[in-house]
Amino acid sequence: MKNYNQVYVKNSFEAAKTYCRAFGAVVTREFFNENKDAYEHCELSVDGEGFLALAEAKNPCDVHIVHKNKWETMTFNVFEMGSKEKVDRAFSVLSEGGVVLEPIHALPWSAYCATVIDKFGVCWWISI
């Protein structure tokens, strides 16, 4: 059995590019809506393993409210990233237009981690 997450966002093309840049992912499958202006379904992989699926959100989401209230309804945990540089890259990319909940710091269970709600309203905990 396998499991990985899917996010529903506005601007799904931009989101896919952002997550590829943040995590070194590649698009491995993509299906477009009938207007060809958004993803009906898109799959990203890192090192040949499924990492994240995404699709265009059908309902509106006010990301400004999510950022203002710092809502964390769900957090995607990306851990064992392998190096501080990979965490730094992801933090930098995800912070662009996003809200930093916890800057990079150490915890008893992680020597190098951070929490960010990205510009699409998705919350990420990233860790070495």
Side-chain angles (χ1 to χ4, degrees):
M1 180 183 315
K2 290 188 176 191
N3 178 40
Y4 62 88
N5 300 301
Q6 178 159 334
V7 294
Y8 294 88
V9 297
K10 290 297 182 185
N11 303 314
S12 56
F13 289 160
E14 181 184 0
K17 288 178 188 172
T18 298
Y19 301 145
C20 284
R21 220 174 73 215
F23 299 110
V26 295
V27 174
T28 49
R29 295 182 75 194
E30 56 188 353
F31 303 90
F32 305 100
N33 66 5
E34 78 180 41
N35 294 331
K36 306 277 190 248
D37 62 357
Y39 284 121
E40 189 73 29
H41 180 78
C42 177
E43 296 175 11
L44 306 180
S45 295
V46 174
D47 298 328
E49 290 290 322
F51 174 72
L52 180 73
L54 63 96
E56 189 74 19
K58 305 252 187 269
N59 297 315
C61 174
D62 191 336
V63 175
H64 299 293
I65 291 174
V66 172
H67 286 173
K68 179 181 174 194
N69 294 314
K70 297 182 180 176
W71 283 341
E72 296 176 80
T73 58
M74 175 184 278
T75 299
F76 294 93
N77 294 332
V78 182
F79 53 96
E80 296 181 8
M81 293 181 70
S83 70
K84 288 182 177 182
E85 292 77 22
K86 287 182 179 180
V87 174
D88 288 340
R89 180 185 66 217
F91 181 78
S92 175
V93 172
L94 297 172
S95 297
E96 293 170 6
V99 172
V100 174
L101 299 182
E102 296 177 321
I104 294 174
H105 64 292
L107 292 169
W109 57 90
S110 175
Y112 204 73
C113 62
T115 306
V116 177
I117 300 174
D118 69 24
K119 66 181 168 184
F120 306 103
V122 178
C123 187
W124 299 92
W125 181 75
I126 53 176
S127 172
I128 196 166

Inset, instruction - Would you please name every residue forming a side chain to side chain donor-acceptor pair (under 3.5 Å) with N33, sequence neighbours left out? - result: D37
Legend entry - Shortest non-hydrogen contact between A53 and Y4, atoms and distance: N-CE1, 3.6 Å
Legend entry - Side-chain heavy atoms of V100 within contact of F91, under 4.5 Å: yes
Inset, instruction - Give the C-alpha distance, both sets of side-chain angles, the deciding distance and a yes or no for side-chain contact (heavy atoms from CB on, under 4.5 Å) between I126 and F76. - result: CA-CA 8 Å; I126 53 176; F76 294 93; over 6 Å; no
Inset, instruction - Can you sort out the partners of N69 under side chain to side chain contact (heavy atoms under 4.5 Å, CB included), two or more places apart, ordered by chain and number? - result: I65, W71
Inset, instruction - Indicate yes or no for a side-chain donor-acceptor contact from H64 to the backbone of D62 under 3.5 Å, with no hydrogens or angles considered. - result: no
Inset, instruction - Could you note down all residue pairs passing salt bridge (Lys or Arg N to Asp or Glu O under 4.0 Å) where residues 23-35 supplies at least one of them, sequence neighbours left out? - result: R29-E43
Inset, instruction - Output, in order, the C-alpha distance, side-chain angles, deciding distance and verdict of side-chain contact (heavy atoms from CB on, under 4.5 Å) for F120 and L54. - result: CA-CA 11 Å; F120 306 103; L54 63 96; over 6 Å; no
Inset, instruction - Would you give the length of the straight line joining atom CG of L94 to atom OG1 of T18, rounded to the nearest 0.5 angstrom? - result: 8.0 Å
Inset, instruction - Please indicate whether F79 has more than 12 foreign heavy atoms, meaning atoms of other residues, nucleotides or ligands, lying under 6.0 Å from its CZ. - result: no
Legend entry - Y112 atom OH, neighbour heavy-atom count above 12 within 6.0 Å: yes
Legend entry - Minimum heavy-atom distance between S127 and S110, given as atom pair plus value: OG-OG, 2.6 Å
Legend entry - Same apolar cluster (I L V M F W Y, side chains within < 4.5 Å links), V93/V122: no
Legend entry - Rounded distance [0.5 Å steps], CD in E49 versus OG1 in T28: 10.5 Å
Legend entry - ring pair (Phe, Tyr, Trp, His ring centres under 6.0 Å) contacts touching residues 38-60 (sequence neighbours left out): F13-Y39, F23-F51, F32-Y39
Legend entry - Side-chain heavy-atom pair T115, C123 within 4.5 angstrom cut-off: yes
Inset, instruction - Quick one: which residue pairs count as a salt bridge (Lys or Arg N to Asp or Glu O under 4.0 Å) with a foot in residues 110-121, not counting sequence neighbours? - result: E14-K119
Legend entry - Under 3.5 Å: donor-acceptor pair, side chain of E56, backbone of N11: yes
Legend entry - Summary of salt bridge (Lys or Arg N to Asp or Glu O under 4.0 Å) pairs that have at least one residue in residues 83-105, sequence neighbours excluded: R21-E96
Inset, instruction - Using a 4.5 Å cut-off on heavy atoms from C-beta on, say whether the side chain of C20 contacts that of L44. - result: yes
